[in-house]
Amino acid sequence: MDTNFVILTFASILAESAPLVFAVIGETLGEKSGVTNLSLDGTILLSAMIGFAVAFTTNNLYLAFLAAMLVGALVASIVAFSSIVLKLDQIAVGFVLTLLCGDLSTFFGNPFVRKPGPAVPHFAIPGLAEIPVVGKIFFDQNIVVYLSVLLIFAAWWWIYKTRPGLKLQGIGERPAAAFARGVNVNAQRFIYTLIGGALVGFGGATYSLFVKLGWSYHHTYGIGWIALAIVIFGGWHPIRGALGAYIFGGLQSVSSFAQSAFTDVPTQVFQTAPFALMIIALLFVSNEALDRFFSGSPVSRKIWNSLRGTPPGALSTVFEQE
Amino acid sequence: MRLELKHIHKHFGAVHANDDISIAVESGTIHGLLGENGAGKSTLMKILSGFIHRDAGEILLDGRAVAFKNPAEAIRAGVGMLHQDPLDFPPLTVLDNFLFGREDGFMQNRAGALADLQRFSRQFGFDLDPDALVSSLTVGERQQLEIMRLLSLGAKILIFDEPTTGISLPQKIKLFETLRLLAKQGMTIIFVTHKLQDAEDLCGKVTVLRLGKMTGQVTHPFTADQLVRLMFGQSLETRARASVALGEPILELRDICVADYRLRVPEINLQVRAGQVIGLAGIEGSGQRLLLRACAGLDQPVAGDIWISGARMNRQPYRDFLERGVAYLPAGRLEEGLVPGLNLTEHFILARRSREFFIDWRAAQDAAQSRIGEYSIRGVPASRVEALSGGNQQRALLALLQPNLNLILLEHPTRGLDIESTMWVWSQLLARRQRGAAIVFASADLDEIFEYSDRILVFSGGRVARALNAQETSVQQLGELIGGKGL
Amino acid sequence: MSEITQKPVFSKKTGFSADLLWTMGPIILALLLTTLALVAIGADPLKAYTTLWNGAFGSPEKLGSVIDAWVPLVFCSVGLLVTFTAGLWNIGIEGQIVMGAIGAAWVARTFDLPAEILIALMFIGGALGGAAWALLAGALKVYGRVHEIFGGLGLNFVAMGVTLYLIIGPWKRAGIASTSGTEPFRPAAWLLNFPGLTVGPVEIILAIISLALIYFALRGTLWGLQLKAIGKNARSAFWLGIPTSRHMLGAFAVCGVFAGLAGAEQASGVWARLIPAISGGYGYLAILVVLLSGFRAPLVPFVAFFFAAVSKGSISLPLDLQVDSALGGVLQGVVVLLFVLSQGVRAKWTQTLSS
Amino acid sequence: APAPTATPVAKPITFGVVLVGPYNDHGWSEAHYTAAQYVKSKLPGSDFIYIDKLNPADRPGMTLEQVVNDMKSKGVRLILTTSDDFQTDTIAIAPKFPDITFINASGDSAWKDGKNYKDIKNLGNFMGKMEYMKMVAGCAAALSTQTGKMGFLGPLINDETRRLADAAYLGAKYCWTTYAKKNAADLKFDVKWIGFWFNIPGVTLDPTKVANDFFNAGNDVVISGIDTTEALVVTGQRQAKGEKVWAVSYDYKEGCNEAPNACLGVPYFNWGPAYLKTVKEFQAGTWKPSWDWNGPDWANLDNPDTGAVGFTFGKGLTDANKTTVQQFIKGLGDGSINLWKGPITLQDGTVYVKEGAVATDKEIWYLPQLLQGMTGQSAPTK
Ligand SMILES: Nc1ncnc2c1ncn2[C@@H]1O[C@H](COP(=O)(O)OP(=O)(O)OP(=O)(O)O)[C@@H](O)[C@H]1O
Ligand SMILES: Nc1ncnc2c1ncn2[C@@H]1O[C@H](COP(=O)(O)OP(=O)(O)OP(=O)(O)O)[C@@H](O)[C@H]1O
Ligand SMILES: [Mg+2]
Ligand SMILES: [Mg+2]
């Protein structure tokens, strides 16, 4: 393997993981506020389809991304409404939406299958792109990729550095306490779920307008579930979540190289590998024995907890003001 | 700030939780609010602090009428409340908690908050690490943090809802010092409790509630007897106890060590004989629950041996404990005892020892009906348990116990119950004791411990004192042990 | 994650007409919405619905194919009733169907026996395959604390990988290695169909027996009541002396058995070989069926029939009208979504009325 | 008013077409769909109905038999099942529907000399000799590559796909050595299989991803062998970034449209004539089962009414190279170039066709491995 190949592969992973990053950060924000939006797989499909359809008909990428975000927010609003207002099971609603949005994308996406449409244009950042190695990986991409990287740090900054971010942590951990401090818990949850959904939608459009350009049936099937698992893997932390997305992207690259390296093994086995690894990763982050082991001393417990990440204390629960 | 509550009313369905309550508190004083369980103390304070809305009445601050939509408004107006279980964010740091709710700009003003925190800490002599997680603090320390937070937000009236329940004696002394200091600085303090001693020590004036009504107001100096009469209508007498001949040893603990992730209590030795009642005293969370669960087979002790009726039970499954006539009554009735969504009949079937595979619903319903009568549960066989009142839930739990038990372990058996229910629960337990059961119970209520225990095991600061003979122990002694003195 | 809301569909207090309103409302609204969708793509809604109807009931063969879909839906729904009762989201059911099919395929490929015995063995093999895979998800949940949604989902993809591995690996067809499937089983391994139809008596009877069995087991046995207790509050159930871990694993296993039966039926009765995606998506669809049934066994066969008819009927849409058959899925999804939402609205409604 | 014609109007006929992918996939399935429309326009009174996406991922639980039943109920008596994926089912179903005539495109069950011959009265096969157009594709790729490295994006591994990959390699090697005058050993030809005819997320490798990986690894031409157009789309994206990369599309005459400038050309199927012939024979009652392996019309590759396969030149091919490729085509057509002439050596080193011999149809159809000089898997497992 020559260095150029390695550099290009890293650049590819960064680019191809961009939609996953949007989805993971979006879901992380929603879950941090206490609402699980399980519909991701369907939302991504539907927003990818709408994004492409709008781009195809209007030739306007801004409109396309906007439409995709609206779709994501709309689906999320159903989840938010049903859990916050109607106090329904978030999982049931999310699951139904997963299937429904998938079918909607097929039904309405029919006229757009395999049509050539506009794509997010490549945009090398002048100057920076010429830096050896780093330039090629980070600055020879397009706006959407830059945004995905910016989003990671913006989300981190928002959650851990700003006052609204502190509130966000609070409403997910202990809504009653946040309420006592003047936070309108349910309104905030609604907003974050919508923003999260919009980001997921943006991720969907990133597929159909860049990473997997165009639209076809079940264009992004399965990726939403991966995103949900990565949120857990990332311990509800945007930077670790993004890392999870990049690791997944890397795994996919490995599986296409592995075909040449392990000629005895059917290719589909490698395609399955990320899912098996997902289980193993979840097993690792939620393992009781490891938990006990590291809880022995306060120091190791602190390290372990920061490594593992704990779910927001009030995740998937309903907040009712007395 | 001068506070006046005038003719406050609050209904919860049929319950008239606050019935025409009027209180006036001058600034710079500590006002006590006393009452038995369910008297309406918390309700009144929640109304004052904006958590719930009154049905009728007036709240005046310095003569100005106010109506708070939510707690944040109350704080802005200068009213802050400290809850019994501090309403904070355990997974966040001390500084984050302190910051939360301060409205000064978009970014987190950490430097400013830190300076504030340190200023208050110096003022009261508190010592909190700003970067520590709140989950690693004691309840006392969390109260300190809340006090500083509310003061930093400009609170002039501070409400303390039973602040002494979960803290150690030194912490209590520290808290009282702080409260006096606050009063001296002109704060208005309302101190909710049902501990007579605390009220005597601290409050210049005390209002007593009973069943939602105000039964009286007394000013310093007052006597405990006065208060008791106002709280219960008459002064309580301890009834003479029927003596029971002690039988075989039922439970033996040899060098047991129980632990969870934050607490470790080593070297517990105890022998309990049939007919004996052991009270576990101590601040809540000092290991009583861990010990009860270990004895019930629900948790494994870290070290030592548990013997039940002559059999070593280490690492035996929970169901073997059940087989041996061990029963455990948890404190969280709907969380770890009853199954919300199932009705009484279904509970009785599930608790049955005989495990017939097919259910005869008609017979089960009849059996449930008679059990409901026997335990005077207010409900029908088809009542879902979550629809029962707390006292009736406790009755239902008792009704689920097998008839012939050797060892009954109870956690706060009468918490939240009224006097009548409390008496009834104990009459049931004492009857079982007559039949040869041994009883081990934990309670936060020292009176209950004194009244019913033969021996008392005191938990404090990660240690357990040698079992005391209840007859030979004074309240003073016990209080000191709980507070960590002489252990 | 939150508990499953198991609100009864019909409450005793309110009248039958109110129940009817709250049940029909979502269905009518769903039809309205799908009509809108049809108008949006420029199709004639009336024609579409007639096509859908004729596609499902237009001929005996078509009715047969509806029942063909009804059978695996009922098997899976029956299994899911058990896991839902125990409070478990067995999304891994798709993989369990696949493993059932693999189990049945292994039997069919390994033994050369008379049809009756071979098919019985295939169903047993399928049941075991499904149960084993379900137990894996259960063990991940009970011992590994991996939420069953993610454990099950991951295992679905792994099961798919295993199928593909078998089809293009050890079980590949002589000369060809295509993902389209293994060599067809020997005829003794084929389920008997009614003449001219694609469905036969064995699987229908088996499905009905399964449904009845589980209905009575959940209603009339201690096991069913214990599962219910676990589903509503596992801690309390454990306190009551119910072996919660064992029961949860048991619930997974039972669901796996029925999913496995569905898989065996697909392998033997529909495809006569192992193909990728042999689950047919019936597992996911069955989750919707159970949700729409309000977790009530007696409603399952009817809801399953509705779903089967929509699924099979919608295939005529592209043939006759060039309308994408995903309309069927849209209709199913919208109905369930609106039904679930209407339950919430109804609860809120009665709450406001009473206070 | 329709012009009076000499031939009497035949009685109306509706035939059925079963597509494995979407009818609008710009690839394999669309090529079939186009052929059906060709028949409709050429044969008055004829019409067709079709079902697309008939595969377990897109239409879970839907069997070919149900579709056949459905079509039968609409009066259809001639059904074309247009994928290798349908061969097994078509063989199984045909005997159950003796009154319906089946054609399985790309199958070999009606080939008396073939390995999979089944004597079924109502089942025939046809297929185009795509290998020649793949040779042309390989040639165009070899002439265009700057790095000497090209990737072949394969679907699943079977006789047909090996045959086509090998043909592409033979064409590439020939043009690389003969026209570009370079050393055969310097030509790198890497084959990666995604696992199915088109992308099924979670089941197959993602062709978008594989195409990108090809380019990352230094290949500058990707030859697509799958039913859909991901390779071309990716190439277009990378070209827009300024990279010097190209793709050869597959299956569908208009297959260059999604990224014209990145496209060297499309070897495509022109199923129309075969469809028309079959429908006419069926109508006339003269249809008999046969296995037709139809070649190109060398005189005019793009004649829609004649050859079974063709090649559309793409804008990505330089004029000079286009001329060379045309020269190559001419050679193939007049027999002066025969790439099936030995020696042909398999990947594992065994000589498949001896020096001087020419591979038979059977040898070509059932090519067991990739060829020496190509890298990639020859068989799914050993
Ligand atoms: N949110 C509520 N809904 C219904 N009833 C309530 C609610 N809160 C309190 N109550 C009822 O109001 C009465 C007064 O309760 P409150 O909590 O004020 O008592 P308390 O004096 O604080 O008792 P304790 O000493 O046990 O804390 C009780 O009967 C209680 O059951
Ligand atoms: N609600 C609970 N509270 C406390 N501990 C629990 C609870 N549920 C399960 N456990 C713990 O999990 C462990 C396994 O639970 P469980 O006994 O249900 O196992 P089982 O397999 O059904 O029983 P056995 O193995 O004895 O047949 C027990 O040791 C118990 O301590
Ligand atoms: Mg209270
Ligand atoms: Mg066990």
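Numbers restart at 1 for each chain; the letters A, B, ... are given by sequence-line order, proteins then strands. Bear in mind the structure is a predicted one, so any value in this text is a computation, not a measurement.
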>> Between C:N156 and A:W225, is the side chain to side chain contact (heavy atoms under 4.5 Å, CB included) condition met? List the steps.
In response: CA-CA 12 Å; C:N156 287 348; A:W225 295 110; over 6 Å; no
>> Let me confirm one number: the CG-CG distance from A:N110 to C:D324, rounded to the nearest 0.5 Å.
In response: 4.5 Å
> With only heavy atoms counted, which part of C:A37 is less than 4.5 Å from chain A, the side chain, the backbone, both or neither?
Replying inline: both
> Non-hydrogen atoms of chain C under 4.5 Å away: do they reach the side chain of A:V318, the backbone, both or neither?
Replying inline: neither
>> I need the residue from C:V162, C:L140, C:L327 with the largest number of non-hydrogen atom pairs under 4.5 Å to chain A.
In response: C:L327
> How far does CZ of C:F150 sit from CD1 of A:I226, to the nearest 0.5 angstrom?
Replying inline: 10.0 Å
> Looking at C:V345, C:V336, C:L331, C:L341, which one has more heavy-atom pairs under 4.5 Å with chain A than the rest?
Replying inline: C:L341
>> Using heavy-atom distances under 4.5 Å, tell me whether C:I91 contacts chain A through its side chain, its backbone, both, or neither.
In response: side chain
> What part of C:V323 lies closer than 4.5 angstrom to a heavy atom of chain A: side chain, backbone, both or neither?
Replying inline: side chain
> Taking all non-hydrogen atoms of both residues, which atom of C:V340 and which atom of A:L88 are closest, and how far apart?
Replying inline: O-CD1, 3.3 Å
> Looking at C:I287, C:L337, C:V334, C:L153, which has the largest count of heavy-atom pairs under 4.5 Å with chain A?
Replying inline: C:L153
>> Between C:I149 and A:L38, is there a side-chain heavy-atom distance shorter than 4.5 Å?
In response: yes
> Can you tell me how far the CG atom of C:L155 sits from the CD1 atom of A:I279, to the nearest 0.5 Å?
Replying inline: 4.0 Å
>> Just verifying a value: how many Å separate C:Q343 CD and A:K87 NZ, rounded to the nearest 0.5 Å?
In response: 16.0 Å
>> So, taking the atom named CD in C:Q332 and the one named CG in A:D103, what distance separates them when rounded to the nearest 0.5 Å?
In response: 7.5 Å
>> Is A:L104 in contact with chain C via its backbone, its side chain, both, or neither, using a 4.5 Å heavy-atom distance?
In response: both
>> Counting C-beta onward and ignoring hydrogens, is there a side-chain heavy-atom pair between C:Y284 and A:T98 closer than 4.5 Å?
In response: no
> What pair of heavy atoms forms the shortest contact from A:L86 to C:K348, and how long is it?
Replying inline: CD2-CD, 4.2 Å
>> Can you tell me which of A:Y217, A:F81, A:F107 forms the most heavy-atom pairs within a distance under 4.5 Å of chain C?
In response: A:F107
> Could you state the interatomic distance from NE2 (C:H147) to CG (A:L228), rounded to the nearest 0.5 Å?
Replying inline: 11.5 Å
> Minimum heavy-atom separation for C:L291 to A:A92, with atom names?
Replying inline: CD2-CB, 4.2 Å
